[in-house]
Amino acid sequence: MSSSKHLIKTLIKNPTRIKSKYQAKQLHAQFIRTQSLSHTSAAIVISVYTNLKLLHEALLLFQTLESPPVLAWKSVIRCFTDQSLFSRALASFVEMRASGRCPDHNVFPSVLKSCTMMTDLRLGESVHGCIVRLGMDCDLYTGNALMNMYAKLLGMGSKISVGKVFDEMPHRKFDSEEVDDNGKSSHFDGSSGSYRVATESVESVMSCSEDLQAETCVGYYNGSRVNALSTLPLGIDSVRKVFELMPRKDVVSWNTIIAGYAQSGMYEDALRMVREMGSNDLKPDAFTLSSVLPIFSENVDVTKGKEIHGYAIRKGIDADVYIGSSLVDMYAKSARIEDSERVFFHLSRRDSISWNSLVAGYVQNGRYNEALELFRQMVTAKVRPGPVAFSSVMPACAHLSTLHLGKQLHGYVVRGGYSDNIFIASALVDMYSKCGNIKAARKIFDRMNVHDEVSWTAIIMGHALHGHGHEAVSLFEEMKRQGVKPNQVAFVAVLTACSHVGLVDEAWGYFNSMTKVYGLNQELEHYAAVADLLGRAGKLEEAYDFISNMRVEPTGSVWSNLLSSCSVHKNLELAEKVAEKVFTIDSENMGAYVLMCNMYASNGKWKETAKLRLRMRKKGMRKKPACSWIELKDKTHGFVSGDRSHPNTDRINEFLNSVMEQMEKEGYVADTSGVLHDVDEEHKRELLFGHSERLAVAFGIISTEAGTTIRVTKNIRICEDCHVAIKYISKITEREIIVRDNSRFHHFNHGSCSCGDYW
DNA sequence: GTAGGGTTAG
């Protein structure tokens with residue numbers, strides 16, 4: 001006997017030792033040669049093929065079998081599941097049942113995983129029924145897979161009821177009839193509608209799971225997230241029931257139930273289980289930790305998070321990618337972005353999620369440029385950004401108001417086929433509106449299939465920032481009409497909208513409806529918005545009383561907003577009172593010092609101005625210079641007041657001088673009252689014309705083709721005289737000019753501004 | 001058979 005024949009003989013005796021495609025084929029050939037390819041031996045060969053993931057070879061042989069044995073079925077089903085061909089796995093399972101074969105415990109984990117991945121709870125429940133009838137719910141792996149299925153599928157807010165399977169459990173028995181069941185006995189039909197699924201054709205199973213998928217999604221979106229949440233305890237209940245009935249539990253069982261609790265927001269239970277796990281002599285591993293860490297991110301508990309980090313280090317699993325990304329996230333959410341960086345750069349391996357955790361972390365900590373830079377590095381490192389990556393970086397573009405980068409990302413989103421993702425679409429709406437293009441924002445919003453409270457809030461805020469207060473308010477009403485419950489952020493948006501157009505009565509109505517209708521507490525932001533509204537509307541005393549009696553401690557910025565309203569409405573007396581409030585709460589508030597200096601100066605009170613300037617200097621404070629910037633052909637051009645450093649400075653001044661002549665012909669008179677230096681009138685005019693927003697607008701006009709929209713951003717509030725001047729410039733040059741200042745957008749067109757001079 | 005990252009906020 002040759003050595004190869006001998007080898008084959010041993011392989012037949014122990015097929016699990018086959019490790020290569022060649023050996024598998026030899027085994028297969030040997031059976032054919034010796035004419036011993038029975039159903040049993042074919043099944044062995046199939047299982048060998050599937051163990052090596054040779055699906056094609058396995059199927060070719062499988063198809064020749066008239067009545068495949070259980071081993072053949074379960075090998076194929078497991079292989080389909082391994083290759084993510086879940087619907088084919090389920091179809092095979094249904095066929096197997098119809099053929100009368102009785103599944104053994106090895107097949108259920110794969111089948112349940114496929115049900116989970118196909119989000120087919122109905123089939124999953126019927127499989128559970130089958131498991132119970134066969135008494136296989138005692139199997140460890142099957143039990144684990146069941147828990148996982150219920151945790152995943154009932155966490156999505158599916159409306160299908162649970163409990164049927166559990167109701168049957170007391171009658172559980174191993175039913176010998178069931179073993180030879182051809183799939184059409186009363187056992188299969190009788191107990192519940194879902195059982196019928198298993199007797200129907202493969203096609204109907206397929207379409208059934210698609211229907212269910214659609215239904216689940218509709219439930220998730222239309223039923224709003226509140227409904228989805230209300231079904232969660234049900235889901236975790238099923239998980240717990242399976243867990244408690246399992247006679248033997250291992251780390252995976254504990255990890256699964258812990259993850260279930262953690263994802264259902266039942267943090268106490270999750271942590272309790274971790275402790276209980278320890279008293280059962282099982283040590284938390286990487287899976288446990290990465291399920292538990294997000295709890296401390298959400299509750300911003302660095303101390304606990306660090307304890308977990310320490311434990312991971314002691315166990316030598318701190319470089320695990322899963323734990324790593326959870327740690328990055330936990331530190332970022334605790335405002336310790338440097339620790340996030342440290343963890344990230346110490347990772348031995350980085351996948352798209354670890355990259356994204358840090359990108360998102362940068363954004364959450366206001367490090368927008370770093371976020372964009374890391375995103376670029378990620379792409380360079382050939383890690384393809386997925387939908388989550390796009391929704392994480394997009395806000396960086398929004399906050400930096402960098403339209404060209406935002407548009408570029410939008411391009412990638414479209415090419416990636418992610419346009420319908422609700423997170424991305426909402427981020428795009430926000431990005432376009434923050435970058436000054438409210439029309440593009442609205443277009444994306446209108447094209448969305450479903451709107452949730454976040455997308456509504458983004459578009460409402462967008463219109464609010466662009467001065468379309470009435471539109472924003474009617475969108476808010478439309479949102480409510482469509483059954484989307486506004487949350488606290490939505491109220492911030494609608495109150496901001498009211499504030500920007502002076503809708504005082506409406507704002508009071510919304511403010512009061514928060515507690516009375518929606519059971520939401522008014523928080524600082526809401527008080528601040530109302531205070532701001534009153535101030536802007538010139539109801540300064542009312543605003544002062546309102547802030548003094550707020551149920552939340554006012555911050556310095558609430559007072560300093562009122563201070564700027566005092567400045568706009570030229571009420572020096574109240575301003576002094578308000579300024580003292582600001583200085584007490586926030587003695588470092590430079591804006592307040594500057595505002596008061598300016599108010600004293602514009603009232604000609606140079607002595608007080610000097611006194612205040614001295615106070616500032618003692619504190620080591622320096623005035624933040626006003627600056628404006630404009631983005632042209634991917635390059636940002638920045639200007640400060642009186643800036644002559646730009647290479648095109650002569651052409652800019654030339655343009656401003658020539659346009660000035662025309663402006664004066666049309667009736668423009670420079671209003672120098674806003675110039676707060678103790679200098680003569682002519683000098684004041686010069687200072688005014690050198691304002692950064694004017695320089696940026698001028699540069700934009702001379703650098704672009706006729707008719708191009710000009711978009712300028714300014715770091716502080718636009719100056720009154722520039723506001724008038726830019727209105728004239730828009731008319732004379734026939735340009736749409738959009739200026740974003742620190743609180744809103746001004747759209748200048750045909751000589752008027754979208755803010756209606758109320759800002 | 002188990003795990004991590006995302007959108008709106010004066």
Side-chain angles (χ1 to χ4, degrees), chain A residues 81 108-110 112-113 116 139-149 151-152 250-260 262-263 285-294 297 320-330 332-333 351-361 363-364 386-395 398 421-431 433-434 452-462 464-465 486-493 495-496 499-500 523-533 535 555 557-558 560-561 564 742-744:
Chain A
T81 308
F108 288 116
S110 302
L112 291 168
K113 182 176 184 183
T116 309
D139 177 60
L140 176 64
Y141 280 47
T142 303
N144 288 344
L146 269 174
M147 284 199 292
N148 185 45
M149 179 185 78
K152 295 277 158 53
D250 67 356
V251 199
V252 178
S253 325
W254 286 88
N255 284 346
T256 307
I257 197 168
I258 289 166
Q263 287 154 7
D285 63 3
F287 285 84
T288 328
L289 302 195
S290 50
S291 297
V292 161
L293 267 168
S297 304
D320 178 274
V321 265
Y322 282 84
I323 296 179
S325 43
S326 299
L327 285 172
V328 168
D329 180 59
M330 186 272 298
K333 296 227 165 75
D351 64 6
S352 65
I353 297 186
S354 8
W355 282 95
N356 195 62
S357 304
L358 189 55
V359 171
V363 171
Q364 287 152 7
V388 179
F390 287 110
S391 45
S392 308
V393 266
M394 204 65 78
N421 179 307
I422 195 161
F423 285 84
I424 296 180
S426 306
L428 280 169
V429 167
D430 183 58
M431 184 276 291
S433 74
K434 293 237 174 69
D452 62 359
E453 71 273 30
V454 175
S455 45
W456 278 108
T457 303
I459 195 66
I460 290 167
M461 198 60 189
L465 290 177
N487 61 14
Q488 284 165 321
V489 187
F491 275 101
V492 173
L495 290 172
T496 305
S499 167
H500 281 300
E523 289 176 1
L524 179 72
E525 286 82 1
H526 308 100
Y527 282 102
V530 172
D532 196 40
L533 165 92
T555 56
S557 77
V558 174
S560 67
N561 281 341
S564 86
N742 58 347
S743 76
R744 67 179 302 158

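Numbers restart at 1 for each chain; the letters A, B, ... are given by sequence-line order, proteins then strands.
Look at OH on Tyr322(A): it is 6 Å from C1' on dA3(B), rounded to the nearest Å. Rounded to an integer number of Å, the gap from Leu428(A) CG to dT8(B) C1' is 13 Å. Regarding Glu525(A), its CD atom lies at a distance of 6 Å from the C1' atom of dA9(B), rounded to whole Å. Rounded to whole Å, atom C1' of dA3(B) lies 14 Å from atom CE of Met147(A). When rounded to the nearest whole Å, the span between CG of Asp285(A) and C1' of dG4(B) equals 14 Å. The distance between atom CD1 of Ile460(A) and atom P of dG10(B), rounded to the nearest whole Å, is 13 Å. One interatomic measurement links the two molecules: CG of Asn356(A) to P of dG5(B), which rounds to 10 Å at whole-angstrom precision. Here the P atom of nucleotide dG6(B) and the CD atom of Glu453(A) are 17 Å apart, to the nearest Å.
Side-chain N/O atoms of Asn356(A) and Ser392(A) include a donor and acceptor closer than 3.5 Å. Under 3.5 Å, the side chains of Ser564(A) and Asn561(A) contain no donor-acceptor pair of N or O atoms. With hydrogens and angles left out, the side-chain atoms of Ser357(A) and Asp329(A) include no donor and acceptor closer than 3.5 Å.
Between Phe423(A) atom CZ and Ser455(A) atom OG the span is 10.5 Å, to the nearest 0.5 Å. Atoms CD1 and OG, from Ile323(A) and Ser326(A) in turn, are 7.5 Å apart once rounded to the nearest 0.5 Å. Considering CG of Asn255(A) and CG of Asp285(A), their distance stands at 4.5 Å, rounded to 0.5 Å.
Using a 4.0 Å heavy-atom criterion, one finds that Thr288(A) contacts no nucleic acid atom at all. Nucleic acid contact for Pro294(A): sugar-phosphate only, since backbone atoms but no base atoms lie under 4.0 Å from a heavy atom of the residue. At a threshold of 4.0 angstrom between heavy atoms, the contacts of Val328(A) with the nucleic acid are absent. Counting any heavy atom pair closer than 4.0 Å across all strands shown, Ser357(A) reaches sugar-phosphate atoms only and no base atom.
The side chain of Ser392(A) sits closest to dG6(B) out of dG10(B), dA3(B), dG6(B). Comparing dT2(B), dA9(B), dG6(B) against the side chain of Met461(A) picks out dA9(B) as the nearest. Here dA3(B) is the nucleotide among dG4(B), dA3(B), dA9(B) with the atom lying nearest to any side-chain atom of Phe287(A). Taking only side-chain atoms of Val321(A), from C-beta outward, the nucleotide of dG4(B), dA3(B), dA9(B) with the closest atom is dG4(B). Comparing dG6(B), dT8(B), dG10(B) by their nearest atom to the side chain of Val489(A) picks out dT8(B). Residue Thr496(A) places its side chain closer to dG10(B) than to any other of dT8(B), dT2(B), dG10(B).
Counting distance only, with no hydrogens placed and no angle test, the side-chain atoms of Thr256(A) and the base atoms of dT2(B) include no donor-acceptor pair under 3.5 Å. Residue Ser326(A) places no side-chain atom within donor-acceptor reach of the base of dG4(B), judged by atom type and a 3.5 Å distance cut-off alone. Side-chain atoms of Ser325(A) and base atoms of dG4(B) include a donor and an acceptor less than 3.5 Å apart. Residue side chain Ser290(A) reaches the base of dA3(B) through a donor-acceptor N/O pair under 3.5 Å, judged by distance alone. In terms of polar N and O atoms assigned as donor or acceptor, the side chain of Asp320(A) never comes within less than 3.5 Å of the base of dG4(B) in a complementary pairing.
Phosphate proximity of dG5(B) to Gln364(A): absent, as no side-chain N or O sits under 4.0 Å from OP1 or OP2. Phosphate contact (OP1/OP2 of dT7(B), side-chain N/O of Lys434(A), threshold under 4.0 Å): absent. At least one side-chain nitrogen or oxygen of Gln263(A) sits closer than 4.0 Å to the OP1 or OP2 atom of dG4(B). One finds a side-chain N or O of Asn148(A) lying less than 4.0 angstrom from the OP1 or OP2 phosphate oxygen of dT2(B). Considering only side-chain N and O atoms, Lys152(A) lies under 4.0 angstrom from the phosphate OP1 or OP2 of dA3(B).
Once the 5.5 Å centre distance and the 30° plane angle are applied, the aromatic ring of Phe423(A) is found not to be stacked with the base of dT7(B).
Taking the six-membered ring for Trp and thresholds of 30 and 60 degrees, Phe287(A) and Tyr322(A) have nearly parallel ring planes, at less than 30 degrees apart.
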